[in-house]
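Here's the structure, in structure tokens; my notes come after.
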Amino acid sequence: MELFEKIFSTPSVAGYETEMKEIIKNEIRDFCESVYEDNFGNIIAVCGKDNQSLAVINAPVSEDGLFVTDFKNGIAKCSPIGNIEPDKISGGRFSCSDKFYALVDVKKTKEEKSDIADLSLDFLGCDNINIGDVLSPVSAYAKNNGYLTAKSAGIKAGIYILINVIKKNNSQKSFTAVFSVKDNLGFKGARAAFSNLNPNQGYIIGTASCDNKATEIALDKGPVVRIMDKGVVFSKSVIDNSLKKIGLTEYQKEIVTDGVNMSNKAMYLNNGIPVLNINCPVKYKGTFNETVCIRDINKIIDSFSSTPNEL
Amino acid sequence: MLSELCKINGVAGNEEKVSEFLLSHISIENTEYKFLKNGTLIVYKKGKKESPVKFMIYAHMDEIGFIVSDITEDGYIKFDTVGGIDKRVLVSKKVFIGDKNIPGVTGIKAVHLTSKEERKKCVETKEMYIDIGAVSKEDALNYVSYGDYITFDDDVVVNGNRLIAKANDDRVGVSLLLDLVNKETEYSFIACFDVMEELGGMGAVTATDSEQPDYALILEGTTCSDINNTPPHLRSTVLGNGPALSVRDMGTCYSESFNNFIKGLADKNNIKYQIKQTHRGANDSNVVECCGKGTKVSVLSLPLRYIHSPASIVDLNDYNEAAKLIKLIADNIGEI
């Protein structure tokens, strides 16, 4: 199975990322000086023999999921893990180990905002479900004309990118790669890692939604650099210096008016860590059919790999 | 012990009386302690063996309450809430103000003066006042000062296996932890009696940064709505079904491995526990998890009906089951 498919079809619900972490460790072990799991559960990979540059490249690992809050007569009620929007998952499938079920539509009027607690999850006769069981989203992995479609494709693209940056680097340049966990619950994994590693420079590989017409972000137009969001305006000098280091000249610009990401937290950590937020464009974000473009993914990998500069 | 602790007034930011009580009840044998600058009390408990993992147990000393924000010309006390309090439970409640415990009662405009529309709405906190019987601002200032802390009536009622009190959140945790500190344990651990959880967990942040534990267990009170035809999946917890472990809540996704370790101990020793059924609410775990070098966190919480009200109810069987489970965790943490 190719790496894309392996990553895209492996569950990694926040707090339950063990299987995904094993894949990552096995992929990168031969291409870095050391790999370990920190106390929070993040995977830390030390790359390059001289790690004095203290640059950190971060990709989040955790996807959203559900946990069972009640189960009766084959029907489960659930609460969210992460930022799941009920309207985007209605009709989709989730798995609990190898037990599948279909979601039933929420009962609501046009005026009501739906809630995860309103969803009923039909386990189709399976009765071996317990309160507290964690459910991960399931969808078919599809590759079409250079585009990949799967649940959590944005997060999985970030994992793929960082694995390949490490492989292509092959211990030449020095940096520390952080595959952070539970970032969909307040960027906690990345916060703990950045706080402990205290880098001079951070690069965060995230996602940029193509669904917001105001930003005009599109697939197949290259990586997206965040200029501003609700929490922070990125310093022009930080952006310019960071882009110069990775040799990235062609990119889309993103201004987000309704959210923040880890970059905002990093700038408050220790003495203030300068961060470049370099994002992979994602269409249909938050649905079972998140879509990313392989050419965008490769451009981000190449930007880190082709430059002779230290990061 | 729990009754005594619940009677103490310790609104967030003013927990000294709780820590004084703890110091007077902590056995000096095999313990050392220190205070952080914000008032958090850290107790180092020496066990029979040193644990290969650094283990810290947290319970917060503070409770929800109010603070005097203004005094009207005719002697009524205006107040702000400290911590999250449902304004629906505030009207006509007995309260105590300041160190002298000046009694008062929360009041609103009399019903015969309200319009039909007003009677349909919940009264906003800013429209309420506390009546201490003063006849003027000058008179009120003889008893009350701006910034005085206000607590609910400290009456504690035990009804069969149920204990009703204002400060079960989190004196249940404090009492459990105090009890454990005074017992002999297999492994050493750190007890953290922290401040200001109700205001976001400042005490837990500093304690975690200071001690950097590997594993953290949070002892808490949690939501319980097992009443009045609440659908099962929205009950959160059920009184009498044992202490609750959480998969996640609004702040934290709890450690799967630590949760499994605790469940294993409970199952092996026939200790009753439940899994919290909703994700609402948060506690010190939210900050403990990502402070220091990152911490593996579990929460063991006691169901509290009417939490954050003048009269929350805890089931003493749940308390006893929690006490047994916490002792087992402390005795086995070295084998995790």
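Residue numbering restarts at 1 for every chain, and letters A, B, ... go by the order of the sequence lines.
Note that SG of B:Cys253 and NZ of A:Lys182 are 5.5 Å apart. Values are rounded to the nearest 0.5 Å. Remark: A:Asn39 CG to B:Cys290 SG distance equals 12.5 Å, nearest 0.5 Å. From B:Leu234, atom CG reaches atom OG1 of A:Thr69 across 7.0 Å, with rounding to the nearest 0.5 Å. Here the CG-NE2 distance, from A:Leu119 to B:His233, works out to 9.5 Å after rounding to the nearest 0.5 Å. The distance from atom SG of B:Cys291 to atom NZ of A:Lys188, rounded to the nearest 0.5 Å, is 9.0 Å. Taking OG of A:Ser79 as the reference point, atom CD of B:Gln277 lies at 9.5 Å (rounded to 0.5 Å).
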Exercise for review: Go through the steps for A:Tyr16 and B:Val247 under the test side chain to side chain contact (heavy atoms under 4.5 Å, CB included), then give the verdict.
Suggested key: CA-CA 10 Å; A:Tyr16 298 80; B:Val247 175; 3.7 Å; yes
Practice item. Assess whether salt bridge (charged side-chain N to carboxylate O under 4.0 Å, His left out) is satisfied between A:Asp115 and B:Arg280, documenting all intermediate values. Key: CA-CA 13 Å; A:Asp115 191 285; B:Arg280 301 293 175 194; 3.6 Å; yes
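When every heavy atom of A:Asp38 is checked against every heavy atom of B:Lys296, the shortest pair comes out as O-NZ, 4.5 Å. Nearest heavy-atom pair across B:Gly294 and A:Ala192 is CA-CB, 4.3 Å.
Salt bridge B:Lys276/A:Asp70: absent, no basic N to carboxylate O contact under 4.0 Å.
Residue contact with chain A, scored on non-hydrogen atoms closer than 4.5 Å, involves the backbone and the side chain of B:Thr252 alike. Residue A:Val181 does not touch chain B at all, counting heavy-atom pairs closer than 4.5 Å.
The closest side-chain heavy-atom distance from A:Phe67 to B:His279 is below 4.5 Å. When side chains are defined from C-beta on, B:Lys293 does not count as touching A:Phe40, because their heavy atoms never get closer than 4.5 Å.
The candidate from B:Pro231, B:Pro232, B:Ser236 with the greatest count of non-hydrogen atom pairs under 4.5 Å with chain A is B:Pro232.
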